[in-house]
Amino acid sequence: MEGDMHEQEPPPALIIDQETRDWDSLPINIVWEILRRLCHEDLLRGAGLACASWRRLAVEEPRLWRSIDLAALDDDDEGGVLDEHGDERRPMYFERLAMARTALDRSAGRCESYRGPADRHLLVYLADRAPSLRSLQVTSTWCLPKAYIDSVITKLPMLERLELAGGGVFMMSTLRALLKHCPRLEVLKADGRCTTDGHMSWRLWRKCERSTLRVLYLPGRNSSYCPCWACREKRNTVFPPFLSYKGSS
């Protein structure tokens, strides 16, 4: 009897819920509310693949991609990271560029805001796919040579805000193009990792004053050139004091 008292009873059998959930049967308005609360990276990586109806909405609903945000969590802190050849080599950088192209395709020309990495080729793609773009925040190294200005700036007449948060070289020719082709531009900001390729002339400054610009925040001139692989220049970078201007509101 005593031995029987010390005998342990076998644990109860685990009850496994075999119920399967039919995500495809959710009302479309519920699916919409779920997807619009997810970040775009999650939508592209798998949330939009849960079932046929989810994928159909993620792919065919442009409203989900009106404001695209594909910036990495550390983009604003670290800026662009370059390898020994001056090429952008941050982990997942190229993957995010591919995601951006897919997101722009899904926006069906209705994208009004983009925040994330962008090289010169993605900027051209962006200008072609988002003619109604109003806000552009580039979180990777900025590089837009003169040869690409016509393919980008001239196609963004609705642009109101341009922010460069990942370093690079901002060219005065780009500023001239923005003043000429972006009549709604109100904010132009480049962070402390950016430099310019020359001084702003008095004539150009007067154009800025007469434009719609309300906030202009640009770095001073630097003798170095863009560090990206295509520019073929590798020199030390010094960040002079910023040139800032705030117009009347």
Side-chain angles (χ1 to χ4, degrees), residues 68-97 100 113-127 133 135-156 159 161-179 181-182 185 187-200 204 208 213 215-245:
I68 300 172
D69 190 343
L70 288 171
L73 293 177
D74 60 347
D75 276 350
D76 292 332
D77 297 328
E78 295 185 6
V81 176
L82 307 175
D83 66 5
E84 66 275 12
H85 302 295
D87 199 0
E88 193 96 35
R89 292 296 184 185
R90 178 184 299 166
M92 299 189 298
Y93 172 75
F94 294 112
E95 182 180 3
R96 288 183 184 278
L97 292 181
S113 174
Y114 175 81
R115 177 175 178 264
D119 60 7
R120 69 196 71 189
H121 305 295
L122 182 63
L123 289 173
V124 173
Y125 199 83
L126 177 68
L133 192 72
S135 176
L136 173 59
Q137 183 176 352
V138 179
T139 58
S140 60
T141 303
W142 171 267
C143 177
L144 187 66
K146 291 182 180 180
Y148 286 75
I149 289 179
D150 287 343
S151 301
V152 178
I153 304 300
T154 60
K155 298 180 181 180
L156 299 176
L159 191 65
R161 187 180 193 94
L162 174 60
E163 295 188 46
L164 312 181
V169 175
F170 183 84
M171 305 176 70
M172 289 295 104
S173 56
T174 303
L175 177 57
R176 295 186 187 94
L178 287 168
L179 293 173
H181 299 289
C182 303
L185 188 66
V187 177
L188 175 56
K189 298 174 66 176
D191 71 2
R193 290 159 291 192
C194 286
T195 57
T196 60
D197 67 335
H199 294 294
M200 181 183 291
L204 185 56
C208 292
L213 276 172
V215 177
L216 174 61
Y217 192 55
L218 292 179
R221 183 176 183 272
N222 180 27
S223 60
S224 66
Y225 294 88
C226 180
C228 78
W229 65 270
C231 292
R232 309 294 183 184
E233 292 288 346
K234 299 169 70 174
R235 304 182 184 179
N236 294 328
T237 300
V238 179
F239 301 110
F242 272 74
L243 172 65
S244 61
Y245 159 76

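Numbering starts at 1 and runs along the sequence shown.
- Closest approach of Leu122 and Ala100 over heavy atoms only: CD2-CB, 3.7 Å.
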Donor-acceptor contacts, no H, no angles, side chain residues 161-171, under 3.5 Å, sequence neighbours left out:
unit_1: Arg161; atom_1: NE; unit_2: Glu163; atom_2: OE2; d: 2.4
unit_1: Arg161; atom_1: NH2; unit_2: Glu163; atom_2: OE2; d: 3.1

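- In this structure, CG on Leu133 lies 5.0 Å from CG on Leu126, to the nearest 0.5 angstrom.
- Residues passing the side chain to side chain donor-acceptor pair (under 3.5 Å) test with Lys155 are Asp128, sequence neighbours excluded.
- Proximity of a side-chain donor or acceptor of Arg96 to a complementary backbone N or O of Leu70 within less than 3.5 Å is detected.
- Here Asp150 pairs with nothing under the salt bridge (charged side-chain N to carboxylate O under 4.0 Å, His left out) rule; sequence neighbours left out.
- Between Leu185 atom CG and Leu179 atom CG the span is 7.5 Å, to the nearest 0.5 Å.
- Within the 4.5 Å cutoff, the side chain of Leu123 has heavy atoms near those of the Trp142 side chain.
- Residues that satisfy the side chain to side chain contact (heavy atoms under 4.5 Å, CB included) test with Ser151, not counting sequence neighbours, are Val124.
- Listed here is the closest heavy atom pair of Leu218 and Met172: CD1-CE, 4.4 Å.
- Leu188 pairs with exactly one of Thr174, Val215, Leu175, Leu159 by the side chain to side chain contact (heavy atoms under 4.5 Å, CB included) rule, that one being Leu175.
- What you find for Ala118 and Ser140 is that their closest heavy atoms are N-OG, 2.9 Å.
- Atom OG1 of Thr139 is separated from atom OH of Tyr93 by 9.0 Å, given to the nearest 0.5 angstrom.
- Atoms NE2 and CD1, on His181 and Ile149 in that order, are 9.0 Å from each other to the nearest 0.5 Å.
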